[in-house]
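Read the structure below first, then the notes.
Numbered from 1 within each chain, the chains take letters A, B, ... in sequence-line order.
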Amino acid sequence: MTVVTRFAPSPTGFLHIGGARTALFNWLFARNSGGRYLLRIEDTDRARSTAEAVSAIMDGLDWLGLGGDEPPVFQHTRLARHAEVAQELLARGRAYRCWCTPEELAGMRAEARAQGRTALYDGRWRDRDPSEAPDGVDPVIRLRTTTDGETVINDRVQGRVAVRNDAIDDFVLLRADGTPTYMHSVVVDDHDMAITHVVRGDDHLNNAFRQLQLFRAMEWPEPEFAHVPLIHGSDGGRMSKRHGATAVNDYREQGFLPEALCNYLLRLGWSHGDDEIISREQAVSWFSLAGIGRSPSRFDQKRLEAINARYLRAGDAGRLSGMVFEHLRRRPDLDLSEKALERVRRGIPGVAARARTVTELADGLAFYAARLPLTMSGRAARALDADGCGRLRGLLATLEAVDDWSEPALETAVRAHAADHGLGLGAVAQPLRAALTGSHASPGLFEVLAILGPEEAGDRIRSACGTG
RNA sequence: GACCCCUUCGUCUAGCGGUCCAGGACAACGGCCUCUCACGCCGUAAACACGGGUUCGAGUCCCGUAGGGGUCACCA
């Protein structure tokens, strides 16, 4: 049997970080078993669904490399089919019409709550004659569920979970306006799409029991379920804006790499021994539902940053330069000439070791494309006092005499210069760093010198010390 | 409130009855390296929620308690 999984977001906002992990698990499970991974947009609630949300979610998935194997199924296009199934159930006596008003239902719930029971529909129209239907009320169609015994799920993550059938009420299949509810359309679509494994957040675990009743009423084969624990905020509570970004797109804008985010999400709730940095290929071959933990996990931005930093250091400079340029182009204060961008490009490996995100990488590289005079940080300005500049002027002649403008040659020259003048390297290096970068912290001094080139380096020193 | 799920260092986790005075990673702290900041390397501190069982033996199995989470719509 070919495995078929699906990721089924409702298009009411952006791709949530938790949804991204669910999509990743579905994708990985399908790939691992040589199956298919499908997408379904759950937009039966037309009022809350937007086209913007659909494209935001699809963009997010594509960015993460989690696009579907086929074009997505839009649930609202299947309304007729949903209604057809409900009618069939009605004809077979497995469903019935209910004329309860919203007020009546609210009263039922309030009473149940007051008596300390779960708020369930009491089945009052289950066996009532339709001739008793009140005027002016459109009926809904409810499933006639099994009331005795229990429903058991052998969940691939949660294990055996059983619920008494009297805790499952006759839920609504078709609303009074004839549109399907979520509970009904998921089952019909999962069946029609031949989904074999439903992998989703465990906030759906309770729904699974209801859905199973529907599968059985239709005598359809039941899918396997795998309910993955939710991702919580750093305080253990439900993840929300309060804890930082919840939208995948926000992480993208903060400069996280898609492969780093996937790696982080994969390890959040899933493990393969002590492995931490896992490539997509390894993930595909290692992934199994058995590796998913049963307890909820907390989102840890620091850890995400650490993983992102590792991918950044290992990242392809060509690809990174494209992302860095994108950031730099938003800076009108910079010199974006080809010459300056080439310096930026060459500086990437050196700055990547000092950055955790693409944003930090771009910020750390900006000095290579800065216009003169440089804006000096406080500590840089202090290093360029009379003494500092005095030493730099002396150094200028030494640098002008260097004809092999390479990192090792520059290092030899500057070290010799410092020694000749009875100075520690630091006494020369810190003012030089300040003049060259505008900061007290930067990549290796000789690397910076080499990348800047003799002319630009000279210009920066003269500019910093007002001699030019 | 009812029902369901969960509970190993601050965090993510390894552990699938003895090899665990509990291992790894991130974060923290200390050190080395060093032209700064990083990277890297070395090291320190840090956990089996609690109480009962079962067993020769429990982090690992069972039952309670406590805590956390989820679900109880003609929303998904």
Side-chain angles (χ1 to χ4, degrees), chain A residues 8-12 42-45 47-49 75 98 100 102 105-106 109 112-121 138-142 155 157-159 161-164 167-169 171-177 179-183 185-186 201-209 227 229-230 232 234 236-238 264 267-277 290 293-307 309 313 350-356 364 379 383 411 414-415 418 424-430 432-434 437 439-446 448:
Chain A
S10 61
T12 52
E42 310 245 306
D43 56 356
T44 51
D45 184 350
R48 299 206 312 164
S49 304
Q75 204 156 47
C98 164
C100 283
L105 261 12
R109 277 195 289 275
R113 214 54 165 263
Q115 292 177 207
R117 302 192 329 261
T118 307
L120 300 172
Y121 171 68
D138 290 324
V140 298
I141 295 178
R142 289 181 184 272
D155 194 274
V157 171
Q158 305 291 343
V161 186
V163 162
R164 289 163 50 117
I168 299 171
D169 65 357
F171 60 93
V172 174
L173 264 23
L174 240 45
R175 299 182 188 111
D177 65 1
T179 59
T181 59
Y182 157 80
M183 209 65 78
S185 46
V186 237
D202 76 1
D203 49 339
H204 287 283
L205 182 56
N206 287 288
N207 291 334
F209 295 96
H227 288 95
L230 302 179
H232 290 164
S234 50
R238 196 186 186 108
Y264 172 72
R267 281 290 288 105
L268 197 61
W270 179 87
S271 61
H272 181 269
D274 285 337
D275 295 300
E276 301 285 355
I277 299 298
R294 281 160 305 161
S295 54
S297 44
R298 304 184 184 201
F299 193 84
D300 183 355
Q301 177 110 0
K302 281 271 192 296
R303 194 175 161 82
L304 206 210
E305 285 171 2
I307 290 177
R313 271 172 252 143
V351 178
R354 296 165 168 78
R356 287 171 309 201
R379 287 174 66 176
E411 176 159 6
V414 174
R415 280 185 189 280
L425 182 56
V428 169
Q430 278 313 88
L432 179 56
R433 184 188 317 283
T437 70
S439 164
H440 70 279
S442 81
L445 195 54
F446 308 110
V448 172

Give the B/S/- string for nucleotides 59-74 of chain B, one per nucleotide from 5' to 3', where a protein heavy atom under 4.0 Å of the base yields B, of only the sugar-phosphate yields S, and otherwise -.
---------SSBSBSB
In whole Å, measure the gap between the C1' atoms of B:G70 and B:A76 for me.
15 Å
According to the Watson-Crick and G-U wobble definitions, with both distances under 3.5 Å, which nucleotide is paired to B:G67?
B:C6
Please report the closest heavy-atom contact between A:T181 and A:V172, naming both atoms and the distance.
OG1-O, 2.8 Å
Parallel under 30°, tilted from 30 to 60°, perpendicular over 60°: which one fits the rings of A:F299 and A:Y264?
perpendicular
Ranking A:V161 and A:T179 by the position along RNA chain B of their nearest nucleotide, the one closer to 5' is A:V161
Which letters describe nucleotides 24-38 of chain B, given B = protein heavy atom under 4.0 Å from base, S = only from sugar-phosphate, - = neither?
BBSS-------BBBB
If you compare all heavy atoms of A:G269 against all heavy atoms of A:S297, which two are closest, and at what distance to 0.1 Å?
N-OG, 4.3 Å
What is the separation between atom CG on A:L268 and atom P on B:A14, rounded to the nearest whole Å?
12 Å
C1' spacing across the pair B:G53 / B:C12, given as an integer number of angstrom:
32 Å
Expressed as a whole number of Å, how far does the P atom of B:G64 sit from that of B:C6?
13 Å
Partner of B:G30 by Watson-Crick or G-U wobble geometry, both contacts under 3.5 Å, or none?
B:C42
Would you say the side-chain atoms of A:S10 pair up with the backbone N or O of A:T12, donor to acceptor, closer than 3.5 Å?
no
Go through the structure and list residues passing ring-ring contact (aromatic ring centres under 6.0 Å, His included) with A:F446, not counting sequence neighbours.
none
Any side-chain heavy atom of A:D177 within less than 4.5 Å of one from A:D138?
no
Reckon A:S185 touches a base, only the sugar-phosphate, or nothing at all at heavy-atom distances under 4.0 Å?
nothing
Would you say B:C5 has OP1 or OP2 under 4.0 Å from some side-chain N or O of A:S295?
no
Which residue lies toward the 5' end of RNA chain B, A:Q115 or A:P9, if each is placed at its nearest nucleotide?
A:Q115
Which of the following nucleotides, B:U13, B:C6, B:A76, is nearest to the side chain of A:Q158?
B:C6
A:S442 and A:R433 side chains, donor-acceptor separation under 3.5 Å:
yes
Quick one: is A:S271 getting a side-chain N or O under 4.0 Å of the B:C12 phosphate, OP1 or OP2?
no
What integer distance in Å separates A:I277:CD1 from B:C12:C1'?
12 Å
Have a look at A:R164 and say if it touches a base, only the backbone sugar-phosphate, or nothing, with a 4.0 Å heavy-atom cut-off.
nothing
Roughly, in whole Å, what's the span from CD in A:E305 to C1' in B:U11?
14 Å
Across every strand shown, the nucleotide meeting Watson-Crick or G-U wobble geometry with B:G18 (both distances under 3.5 Å) is B:C56
Minimal non-hydrogen separation, A:P229 against A:D202, with atom names
CA-OD2, 3.5 Å
Is the CZ atom of A:R164 crowded by more than 12 outside heavy atoms at less than 6.0 Å?
no
Heavy-atom closest pair (A:D43 atom, A:Q75 atom, distance to 0.1 Å) is OD1-N, 3.2 Å
Watson-Crick or G-U wobble mate for B:U11, both contacts under 3.5 Å:
B:A25
